[in-house]
Amino acid sequence: MRNYKIPTLTIAGSDSSGGAGVQADLKTFSAIGTYGMSVITAITAQNTQGVFLVEELSEDIIRKQIEVVFEDIEPKAVKIGMVSSSRIVEVIVESLAHYKPKYLVVDPVMISKSGYSLLRKEAKKSLIEELIPMAYIITPNTLEAEEIVGIKINTIDDMKEAGKKILELGPKYVLMKGGHLEGDAVDVLIGKETFEIYKQERLDRKNTHGTGCTLSSAIASHLALGYEIREAVKLSKEYITEAIRHSFDIGQGVGPVNHFYKFEE
């Protein structure tokens, strides 16, 4: 089910290599079948080998980007990725509190695959106390969840416990991503009356740049298209699994997933 007239918005950082961030989000929106829009929070100098520099945009331009998009083309769903400072979090929270999007998907981006810190220490408090409570769904991996709730996560039971603690912060749903654990790739969706386990084979692929951005954007797209949360997550999991399966070598480091695998001959 595609509808390119349904607008979806990403609020995130730009990845100059095109594999993650706003670029991955827009590719995902297009591949799933919605109309993608963007608010850029920061510009990163990065490639397949790592992140080398981050420059944040001003509060004024971030606020204005959100304002002009919502005043003209109201998005059906909003995905939030890299928000590196507390001032950026506050601008986003103030703006979204005014416009009240129905579906807000928060991907709590903290550290890049190469180990570069994408979230300032003082911003973690703002993320936890101000942005996460607004979310319809938050999509942390186990390392991010450990930072948010302060417990070690090694098992599915640990994921469930951490997810419940995050749920207490205010979001409606939490998707705990278990890609960093051993064994099969297991994600757990947790809501007030929801507990769903999604198990996929673990694919042995080097090129996984942008997986978190892509999954959260896929969820936002499917919610915008009208799927209920469990189906939206299921379809998004299937999409990212195949995007990883069809990932390809480009550059000298960790290449991207293949957002447009469905359209290859």
Side-chain angles (χ1 to χ4, degrees), residues 8-13 15 18-34 36 38 77-83 103-113 118 132 135-145 148 159 162-163 166 171-181 184-191 194 196-203 205 207-225 227-247 254-262:
T8 43
L9 174 66
T10 171
I11 303 176
D15 171 4
V22 163
Q23 287 82 350
D25 297 338
L26 292 174
K27 290 174 184 177
T28 303
F29 292 160
S30 295
I32 300 297
T34 61
S38 64
V78 178
K79 173 263 172 81
I80 296 182
M82 177 185 171
V83 286
Y103 298 116
L104 180 60
V105 180
V106 175
D107 182 23
V109 179
M110 295 183 177
I111 301 173
S112 72
K113 275 190 171 63
L118 300 174
I132 289 176
Y136 183 77
I137 180 171
I138 174 174
T139 62
N141 60 37
T142 52
L143 301 179
E144 291 160 345
I148 293 169
M159 292 170 68
I166 294 174
K172 192 164 185 178
Y173 297 98
V174 180
L175 180 65
M176 293 289 300
K177 300 181 297 187
H180 289 82
L181 301 183
D184 289 335
V186 177
D187 293 354
V188 180
L189 177 66
I190 301 163
T194 303
E196 197 92 13
I197 295 176
Y198 302 86
K199 185 179 289 188
Q200 300 276 359
E201 61 178 308
R202 184 176 295 278
L203 301 175
R205 298 289 191 277
N207 299 316
T208 57
H209 184 48
T211 51
C213 304
T214 300
L215 176 60
S216 55
S217 296
I219 292 171
S221 291
H222 284 114
L223 289 171
L225 287 168
Y227 292 96
E228 61 89 26
I229 186 64
R230 286 171 295 186
E231 186 69 7
V233 171
K234 176 179 177 290
L235 291 171
S236 300
K237 280 279 292 175
E238 292 170 356
Y239 171 73
I240 187 59
T241 298
E242 292 305 310
I244 293 171
R245 192 190 307 278
H246 292 86
S247 61
V254 178
V257 301
N258 188 346
H259 296 92
F260 298 114
Y261 70 88
K262 291 181 178 181

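Please read these numbers as outputs of a predicted model, since none were measured by experiment.
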Quiz item: Can you tell which of Lys27, His209, His259 makes a side-chain hydrogen bond (donor to acceptor under 3.5 Å, both in side chains) with Thr214?
Solution: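 Testing Thr214 for a side-chain hydrogen bond (donor to acceptor under 3.5 Å, both in side chains) against Lys27, His209, His259 leaves exactly one candidate, His259.
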
Quiz item: Which of these, Thr28, Thr8, Thr139, Asp25, sits in a side-chain hydrogen bond (donor to acceptor under 3.5 Å, both in side chains) with Lys79?
Solution: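 So, applying the side-chain hydrogen bond (donor to acceptor under 3.5 Å, both in side chains) to Lys79 and each of Thr28, Thr8, Thr139, Asp25, only Asp25 qualifies.
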
Less than 4.5 Å apart, side chain to side chain, heavy atoms only: is that true for [X] and [Y]?
X	Y	answer
Tyr136	Val105	no
Ile219	Val233	yes
Leu175	Tyr173	no
Met159	Val174	no
Thr208	Ser247	no
Val22	Asp15	no
Thr194	Arg230	yes
Arg205	Arg245	yes

Please report the shortest heavy-atom distance between [X] and [Y], naming the atom on each side.
X	Y	answer
Asn141	Leu143	OD1-N, 3.1 Å
Ala77	Ala220	CB-O, 3.3 Å
Met176	Ala145	CE-CB, 3.5 Å
Ala232	Ser236	O-OG, 2.7 Å
Pro256	Gly19	CB-CA, 4.0 Å

What distance do [X] atom [atom1] and [Y] atom [atom2] have between them, rounded to the nearest 0.5 Å?
X	Y	atom1	atom2	value
Asn207	Ile244	CG	CD1	10.5 Å
Glu238	Tyr198	CD	OH	10.0 Å
Leu235	Lys237	CG	NZ	12.5 Å
Leu203	His246	CG	NE2	10.5 Å
Glu228	His222	CD	NE2	12.0 Å
Phe29	Ser38	CZ	OG	9.0 Å

Quiz item: Run the side-chain contact (heavy atoms from CB on, under 4.5 Å) check on Lys177 and Thr142 step by step: do they pass?
Solution: CA-CA 6 Å; Lys177 300 181 297 187; Thr142 52; over 6 Å; no

Self-check item: Close aromatic pair by centroid cut-off 6.0 Å: Tyr239 and Tyr261
Solution: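 So the answer is yes for these two rings.
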
Quiz item: Should we say atom NZ of Lys199 is surrounded by more than 12 heavy atoms from elsewhere, each under 6.0 Å from it?
Solution: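 It does not: Lys199 NZ has 12 such atoms or fewer within range.
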
Quiz item: After noting the C-alpha distance and the side-chain angles of Lys234 and Asp187, does the key distance pass the salt bridge (charged side-chain N to carboxylate O under 4.0 Å, His left out) rule?
Solution: CA-CA 10 Å; Lys234 176 179 177 290; Asp187 293 354; over 6 Å; no

Quiz prompt | Test applied, side chain to side chain contact (heavy atoms under 4.5 Å, CB included); reference residue, Ile137; option that passes from Asp107, Leu189, Val106 | solution =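 For Ile137, the side chain to side chain contact (heavy atoms under 4.5 Å, CB included) check succeeds only for Leu189.
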
